[in-house]
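Since the structure comes first, as structure tokens, the remarks are kept for the end.
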Amino acid sequence: LDPANPLARFQKARVLISLDEHELALEELLTLRELAPKEGAVHLMLGKIYKRMGQPQKALVCLSTALDLNPKDAQMIKTAIHKLDSTDDDVDEDEP
């Protein structure tokens, strides 16, 4: 994996999520956040991972950041924020 290729890291994180490897996906996404701090999709994915890991406060921070960075995706992000209290931990494969 080319450490300088953010897209490869993002795709790796998505694969890890699909395999329920949340800790490994979190590591990839945290590294990716350092490489691309203004990429809203990374913050959105982090928020969903934190939700799955039972850390709603961290999830809320990440989702709020995603909302600030990607106002065009406001409806999807707000839906994810509203789901923080539910047990539905679905991470849609077609979402960034």
Side-chain angles (χ1 to χ4, degrees):
L1 181 66
D2 179 4
N5 186 340
L7 183 58
R9 285 192 175 277
F10 189 77
Q11 293 302 327
K12 181 179 178 183
R14 289 181 72 139
V15 169
L16 290 169
I17 290 167
S18 71
L19 297 172
D20 289 329
E21 294 286 350
H22 301 131
E23 291 288 336
L24 294 174
L26 180 62
E27 288 176 29
E28 283 299 322
L29 290 167
L30 291 174
T31 299
L32 185 53
R33 184 175 66 182
E34 302 239 341
L35 294 171
K38 295 187 181 204
E39 184 57 53
V42 174
H43 293 275
L44 176 60
M45 192 86 75
L46 275 167
K48 290 183 174 193
I49 288 294
Y50 280 129
K51 180 186 185 298
R52 282 187 170 194
M53 296 174 74
Q55 299 179 39
Q57 293 296 345
K58 287 183 178 183
L60 181 58
V61 170
C62 292
L63 292 171
S64 296
T65 301
L67 185 59
D68 289 341
L69 293 172
N70 281 354
K72 66 179 175 38
D73 293 331
Q75 189 59 44
M76 175 181 58
I77 296 168
K78 286 179 181 179
T79 299
I81 289 171
H82 290 301
K83 287 183 176 182
L84 285 176
D85 292 331
S86 76
T87 57
D88 175 21
D89 62 1
D90 184 31
V91 176
D92 297 326
E93 288 301 314
D94 60 344
E95 290 181 9

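- Residue Arg52 holds its CZ atom at 6.0 Å from CG of Asp20, rounded to the nearest 0.5 Å.
- Grouping the Ile, Leu, Val, Met, Phe, Trp and Tyr side chains by contacts below 4.5 angstrom, directly or via other members, places Phe10 apart from Leu16.
- Going from atom CG of Leu63 over to atom CG of Asp68 covers 11.0 Å, rounded to the nearest 0.5 Å.
- Within the 4.5 Å cutoff, the side chain of Leu24 has heavy atoms near those of the Glu27 side chain.
- Atom CG in Asn5 sits 12.0 Å away from atom NZ in Lys12 (nearest 0.5 Å).
- At a threshold of 4.5 Å between non-hydrogen side-chain atoms, the residues Leu44 and Asn70 do not count as touching.
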What do the steps show when you test Glu23 against Met53 for side chain to side chain contact (heavy atoms under 4.5 Å, CB included), and what is the final call? CA-CA 9 Å; Glu23 291 288 336; Met53 296 174 74; 2.8 Å; yes

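- Side chains of Tyr50 and Cys62 form a contact here, defined as non-hydrogen atoms less than 4.5 Å apart.
- For the atom pair Lys51 NZ and His22 NE2, the distance stands at 11.0 Å (nearest 0.5 Å).
- Taking both residues in full, the closest heavy atoms of Glu39 and His43 are given as O-CD2, 3.3 Å, listed atom of the first, atom of the second, then distance.
- The minimum heavy-atom distance linking Pro37 with Leu69 is given by the pair O-CD1, 3.8 Å.
- Residues Ala66 and Gly40 approach most closely at CB-O, 3.6 Å, considering heavy atoms.
- Separation of atoms CG (Leu67) and CE (Met76) is listed at 10.0 Å; rounding is to 0.5 Å.
- Between Ile17 and Ala25 the shortest heavy-atom distance is CG1-CB, 3.7 Å.
- The line from CG of Leu84 to CD of Gln57 is 9.0 Å long, rounded to the nearest 0.5 Å.
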